[in-house]
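No hydrogens, no waters, no symmetry mates; every other heavy atom, side chains included, goes into these values. Residue numbers start at 1 and run along the sequence shown. Treat the numbers as computed from the prediction; the structure is a model and nothing was measured.
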Amino acid sequence: MPHPEESSLPRLATGCRWTGEGEERTLLFPEGALRLQSTGRAILEHCDGQHTLLQIVQELQTTFSESDPGKIRSDVFIFIERLQQKGVVTF
């Protein structure tokens, strides 16, 4: 399983899909469901195979400009890697 890189184009894995709207939006996957808070949801909503991990990080750094940019980058990569290990995200 490849590790995420800045140029990776993450997307939801086969069998994963969104349901609901707004704060009630939930990600369904073959082994269960995830109801994500705003930051996690924002990351996954950008996992469409069109945005690189670097673009996702930059978007979040702009949105959360009060936070440490290095921590945002680290958190995004860790989050994506964990979801990849669970079979929710692929590259």
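With hydrogens and angles ignored, the 3.5 Å screen pairs no side-chain donor or acceptor of Arg17 with any backbone N or O of Leu28. Checked by atom type and distance alone, the side chain of Thr26 pairs as donor or acceptor with a backbone atom of Glu24 at under 3.5 Å.
The shortest side-chain heavy-atom distance between Pro2 and Ser8 does not fall under the 4.5 Å cut-off.
Atom CG of Leu9 sits about 11.0 Å away from atom CG of Leu54, to the nearest 0.5 Å. Rounded to the nearest 0.5 angstrom, Leu83 CG and Ile78 CD1 are separated by 12.0 Å. Atoms CG and OG1, from Leu27 and Thr19 in turn, are 10.0 Å apart once rounded to the nearest 0.5 Å.
Sorted by first then second residue, the side chain to side chain donor-acceptor pair (under 3.5 Å) pairs that include residues 77-91, not counting sequence neighbours, are His3-Glu81. Among residue pairs with one or both ends in residues 67-80, those qualifying as side chain to side chain donor-acceptor pair (under 3.5 Å) are Glu6-Arg73, Lys71-Asp75; sequence neighbours excluded. Legend: salt bridge (charged side-chain N to carboxylate O under 4.0 Å, His left out) pairs involving residues 43-60, not counting sequence neighbours, sorted by first then second residue: Arg25-Glu45. Applying the ring-ring contact (aromatic ring centres under 6.0 Å, His included) test to residues at least two apart or on different chains, the pairs with a partner in residues 17-46 are His46-His51. Applying the ring-ring contact (aromatic ring centres under 6.0 Å, His included) definition to pairs two or more places apart or across chains, none involves residues 53-91.
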How far apart are the C-alpha atoms of Cys47 and Ile56, what are their side-chain angles, what is the distance that settles it, and do they pass the side chain to side chain contact (heavy atoms under 4.5 Å, CB included) test?
CA-CA 8 Å; Cys47 291; Ile56 295 169; 4.3 Å; yes
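Residues meeting the side-chain hydrogen bond (donor to acceptor under 3.5 Å, both in side chains) test with Glu66, sequence neighbours left out: none.
Closest non-hydrogen pair, Pro30 versus Cys16, comes out as CD-SG, 4.3 Å. Here the shortest heavy-atom pairing between Gln55 and Gln50 reads OE1-O, 3.7 Å.
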